[in-house]
Structure formats: C-alpha cells, structure tokens
Amino acid sequence: MDGVTVGGYVGYNYRIDQVVLGLEGDANGDNAKGSSSVLGSLNYDTGINWGFSVRARLGLVVDERALLYVTGGPSWVNTDVDTNLGIGVADVANFKSGDESTEFGWVLGAGAGYAITEHLSMKAEYLHGWYGDANLDLFEVDNGVNTTKYVLKQNLQTNVVRVGLACHFGGF
C-alpha cells in the first residue's frame with residue numbers, strides 16, 4: 001500500500017541538561033491503498049483509514065537548536081478491504097462483501113527536530129509499526145443452511161516517513 005498521511009500531534013518534553021524526555025500522542029487520517037487478486041477473478045483493495053499512537057521519546061540535544069531522538073509506544077490503525085466480485089456470487093441470498101478492523105500494535109522510530117524560532121520547530125521522523133495478523137472478510141455467503149466466509153489474512157506492518165511543524169507553548 002502507498003498513500004499520504006495527514007494529522008496532528010501534541011506532546012510534552014522535559015529537558016535535563018542535554019537529554020530530553022517526552023511523551024507524544026498523534027492522530028492521523030490516511031489514504032493508503034493497495035490492490036491485489038485471489039483465485040484469478042476476485043480483485044480486492046486494501047486500505048488504511050486512520051491511526052493514532054501514544055509514544056515516549058528519548059532525545060539528545062546536539063546544539064541549542066537540534067534534537068536527535070528515538071520514540072516508541074502503543075499504536076492503533078483502522079484497515080479495510082473492499083472486493084470487486086467477478087465470480088458470480090453477488091446474486092446469492094444474504095451476501096456480504098468487504099470488512100474493516102481496528103488493529104492494536106506497537107510503533108518504534110527515530111527522528112530529528114530543529115528549532116526555527118523560540119516557539120516554532122520542525123521535525124522529520126521514520127516510524128515502523130507492527131500490528132500482527134489482521135483478518136478481514138473478503139466476502140460472506142449465507143444460503144440459509146451454511147455460512148461461508150472467505151477471509152484475507154494479512155501480516156500488517158507500516159512504514160511511515162513524515163515531517164511536521166510544532167508550536168511550543170512556553171518556549172524551549
């Protein structure tokens with residue numbers, strides 16, 4: 001999947017000499033999408049809709065304006081699957097297509113920040129997320145006697161590179 005993430009974050013940093021300890025939470029809207037097929041005729045699209053995380057940060061002040069840091073903590077993403085059926089099951093009674101799920105995982109990353117002014121900074125960071133196996137129903141058919149589900153199992157991981165601007169209340 002490829003896409004763009006737009007969001008916001010809020011956090012708190014505490015500086016002890018050249019070391020910065022922090023806590024940050026972020027919420028993001030995503031449009032990451034990917035397409036694939038199974039059984040030769042069942043096309044499906046997967047996507048990530050939103051995500052958020054709460055992360056600790058440990059940083060080192062390089063000079064009075066630059067910060068290098070590592071960050072990590074719990075994270076959640078909402079993922080979905082939509083099918084484009086070409087196998088003739090759409091006319092079966094009680095047919096359901098597609099699914100969505102919110103998955104819990106962990107995110108770990110590193111970044112750098114730079115103070116532009118006393119109250120404004122910018123950052124760039126890379127985050128890798130692990131969410132385990134996400135099981136999404138491609139489609140489900142209930143003929144009144146049996147219910148058959150066709151499930152997409154994906155080992156969900158994310159790789160995010162992002163840049164941001166921050167407004168600091170109280171200065172550095």
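Values below: every heavy atom of this structure, side chains too, minus hydrogens, waters and symmetry copies.
- Across all non-hydrogen atoms, the minimal contact from Val107 to Ser53 is CG1-CB, 4.1 Å.
- Formation of a donor-acceptor pair under 3.5 Å by the Thr71 side chain with backbone atoms of Ala110 is not found in this model.
- Scored by the ring pair (Phe, Tyr, Trp, His ring centres under 6.0 Å) test, Phe104 finds Trp76, Trp106 as partners (sequence neighbours excluded).
- For the side-chain contact (heavy atoms from CB on, under 4.5 Å) test, residues two or more places apart in sequence or in another chain that qualify with Leu21 are Ile16, Val19, Leu58.
- Rounded to the nearest 0.5 Å, atoms CD1 (Ile48) and CG (Asn78) are 9.0 Å apart.
- Summarising the geometry, atom OG belonging to Ser75 is positioned 8.0 Å from atom CZ belonging to Phe52; distances are rounded to the nearest 0.5 Å.
- The shortest distance between side-chain heavy atoms of Asp80 and Lys33 falls below 4.5 Å.
- Counting Ile, Leu, Val, Met, Phe, Trp and Tyr side chains that sit under 4.5 Å apart, directly or through other members, Val61 shares a hydrophobic cluster with Val20, Leu67, Tyr69.
- If you take OH on Tyr9 and CG on Leu165, they are separated by 7.0 Å, rounding to the nearest 0.5 Å.
- Under a 4.5 Å side-chain heavy-atom cut-off, the cluster of Ile, Leu, Val, Met, Phe, Trp and Tyr residues that includes Val161 is completed by Tyr126.
- The hydrophobic cluster around Val54 extends to Leu23, counting ILVMFWY residues whose side-chain heavy atoms fall within less than 4.5 Å of a member.
- Not a single side-chain hydrogen bond (donor to acceptor under 3.5 Å, both in side chains) links Asn31 to another residue, sequence neighbours left out.
- Not counting sequence neighbours, the partners of Asn28 by the side-chain contact (heavy atoms from CB on, under 4.5 Å) test are Thr5, Asp26, Asp30, Arg162.
- Asp63 pairs by the side-chain contact (heavy atoms from CB on, under 4.5 Å) definition with Arg65, Ala66, not counting sequence neighbours.
- Applying the side-chain hydrogen bond (donor to acceptor under 3.5 Å, both in side chains) criterion to Trp130, with sequence neighbours excluded, gives His128.
- Residues satisfying the side-chain hydrogen bond (donor to acceptor under 3.5 Å, both in side chains) test with Glu24, not counting sequence neighbours, are Arg55, Arg57, Lys123.
- With side-chain heavy atoms closer than 4.5 Å counting as contact, directly or through intermediates, the hydrophobic cluster containing Val62 also holds Leu68.
- The shortest heavy-atom contact between Glu64 and Gln18 is OE2-OE1, 4.3 Å.
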